[in-house]
Amino acid sequence: TVLSYLLYLQKEGRASSTVSRTLASLRSYYLFMMQNGVVKSNPTSNLEAPHVEKKIPKILSGEEVELLLEQPKNCDNKGKRDKAMLELLYATGIRVSELVRCKGGKKERIIPMGHQAKDALENYINNVRKYMVKDENETALFVNCSGARLSRQGFWKLIKYYQHIAGIETDITPHTLRHSFAAHLLENGADLHSIQEMMGHADISSTQVY
């Protein structure tokens, strides 16, 4: 029955990634059923997921990155905060979830950053954050204009805004800067394993896509 359903999804033209996610969900479901004594075997254990082609990520050119990073103006607190976030995201390749939460999963990693990101971050921490935070118990590094932790959605809107005013046609998401960070390091001779460590990839195959 499970195999027939997966074949049905393929015949309906569903993407291989969709079929793979469906199989993964069914595996988790049957594992739960076994753990609770509802079924004695897992009918999905011998089924193979369809091969999913890794998409080549979109990256920005060096000129586009410079143009984007130039957009936040240092004339007000919001501009200084935005400058620090964009510089930090591109300089380190961290995920946007790590940017707004300042922590990732169970593993920690050390990532070097350049002086531009360092200067922008120090400027924000020393001269801006204390005026934006309303609650002294707020632990978030980056806060919104209401003084609360900036959300992922808030940052997504911010990066779209700067893409628009910069006149950049390439569709930019927070992950675009992460991909560009990796690709530009590779272009400049960085070792693949070093990039893997900086990006926090568990598997080298995730880094090899660049």
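Worth knowing before you read on, the calculation uses all heavy atoms, side chains too, and leaves out hydrogens, waters and symmetry mates. All residue numbers refer to positions in the sequence shown, counting from 1. This is a predicted model, so every value here is computed, not measured.
- If you take CG on N42 and CE on M34, they are separated by 6.0 Å, rounding to the nearest 0.5 Å.
- Residues L6 and Q10 are not in side-chain contact: their nearest non-hydrogen atoms beyond the backbone lie 4.5 Å or more apart.
- Proximity of M85 to L150: side-chain heavy atoms (C-beta onward) are separated by under 4.5 Å at one or more points.
- Considering only heavy atoms from C-beta on, L121 stays 4.5 Å or farther from E87 through its side chain.
- No path of Ile, Leu, Val, Met, Phe, Trp and Tyr side chains, each step under 4.5 Å between heavy atoms, connects Y131 with I125, placing them in separate hydrophobic clusters.
- Note that the CG atom of L158 and the CD atom of Q71 stand 11.5 Å from one another [nearest 0.5 Å].
- Nearest heavy atoms, R129 versus T139: NH2-C, 3.9 Å.
- Under the ring pair (Phe, Tyr, Trp, His ring centres under 6.0 Å) criterion, F181 pairs with no residue, sequence neighbours left out.
- Annotation: side chain of V100 is not in contact with side chain of S151 (no heavy-atom distance under 4.5 Å).
- Hydrophobic clustering (side-chain heavy atoms under 4.5 Å, transitive across Ile, Leu, Val, Met, Phe, Trp, Tyr) groups M132 together with Y161.
- Residues W156 and I94 fall into different hydrophobic clusters, defined by Ile, Leu, Val, Met, Phe, Trp and Tyr side chains chained together at heavy-atom separations under 4.5 Å.
- Side-chain contact between R101 and R149: present, with at least one pair of heavy atoms (C-beta onward) separated by less than 4.5 Å.
- Contact detail for L69 and Y90: the closest heavy-atom pair is CD1-CD2, 4.1 Å.
- Legend: salt bridge (Lys or Arg N to Asp or Glu O under 4.0 Å) pairs involving residues 164-173, not counting sequence neighbours, sorted by first then second residue: K160-D171.
- Remark: side-chain polar atoms of E138 are paired, donor with acceptor, to backbone N or O of A140 under 3.5 angstrom.
- Closest heavy-atom contact between E64 and L60: OE1-CA, 3.4 Å.
- For K157, the NZ atom is loosely surrounded, since the number of other residues' heavy atoms within 6.0 Å does not exceed 12.
- In this structure, CD1 in I59 is found 12.5 Å from CD1 in I172, a value given to the nearest 0.5 Å.
- Of the possible polar contacts, one joining the S20 side chain to the S16 backbone as a donor-acceptor pair under 3.5 Å is found.
- Residues passing the ring pair (Phe, Tyr, Trp, His ring centres under 6.0 Å) test with Y124 are F142, sequence neighbours excluded.
- We find the NZ-CE distance between K40 and M33 to be 14.0 Å, quoted to the nearest 0.5 Å.
- Note that CE of M198 and CD1 of I111 are 8.0 Å apart. Values are rounded to the nearest 0.5 Å.
- Looking only at distances, a side-chain donor or acceptor of R81 sits under 3.5 Å from a matching main-chain atom of V143.
- Nearest heavy-atom pair across P57 and V209 is CD-CG2, 3.8 Å.
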Evaluation steps, side chain to side chain donor-acceptor pair (under 3.5 Å), between T173 and T176: CA-CA 5 Å; T173 68; T176 308; 3.1 Å; yes

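- Within 6.0 Å of OH on Y30 lie no more than 12 heavy atoms contributed by other residues, nucleotides or ligands.
- To the nearest 0.5 angstrom, L9 atom CG is 5.5 Å from T22 atom OG1.
- Placement of L23 and Y8 within a single hydrophobic cluster is found when ILVMFWY residues are connected by side-chain heavy-atom separations under 4.5 Å, directly or transitively.
- In this structure, R14 contributes its side chain and V19 its backbone to no donor-acceptor pair below 3.5 Å.
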Worked verdict on T44 versus Y29 for side-chain contact (heavy atoms from CB on, under 4.5 Å): CA-CA 10 Å; T44 67; Y29 172 67; over 6 Å; no

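- Pairs of residues two or more places apart, or lying in two chains, never qualify as salt bridge (Lys or Arg N to Asp or Glu O under 4.0 Å) while including a residue from residues 186-210.
- A salt bridge links D82 with K78: the distance from a Lys NZ or Arg NE/NH1/NH2 to an Asp or Glu carboxylate oxygen falls below 4.0 Å.
- Residues R152 and L99 form no side-chain contact, since every pair of their non-hydrogen atoms from C-beta on lies 4.5 Å or further apart.
- No side-chain N or O of S28 forms a donor-acceptor pair with one of S25 less than 3.5 Å apart.
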Steps toward salt bridge (charged side-chain N to carboxylate O under 4.0 Å, His left out) verdict (E98, R109): CA-CA 11 Å; E98 294 171 330; R109 64 191 189 280; 2.8 Å; yes

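- Two residues are said to be in side-chain contact when any heavy atoms from C-beta on lie closer than 4.5 Å; K83 and E70 fail this criterion.
- In this structure, L7 is a member of the same hydrophobic cluster as V2, with clusters built from ILVMFWY side-chain heavy atoms closer than 4.5 Å.
- Counting heavy-atom neighbours within 6.0 Å of R27 CZ, excluding the residue itself, gives a total above 12.
- Remark: A148 pairs with N144 by the side-chain contact (heavy atoms from CB on, under 4.5 Å) rule, at least two apart or across chains.
- Under the ring pair (Phe, Tyr, Trp, His ring centres under 6.0 Å) criterion, H175 pairs with H179, sequence neighbours left out.
- Within the 4.5 Å cutoff, side-chain heavy atoms of M113 are placed close to those of L88.
- Closest approach of A91 to G114, counting heavy atoms only: CB-N, 4.5 Å.
- Remark: side-chain polar atoms of N123 are not paired, donor with acceptor, to backbone N or O of D119 under 3.5 angstrom.
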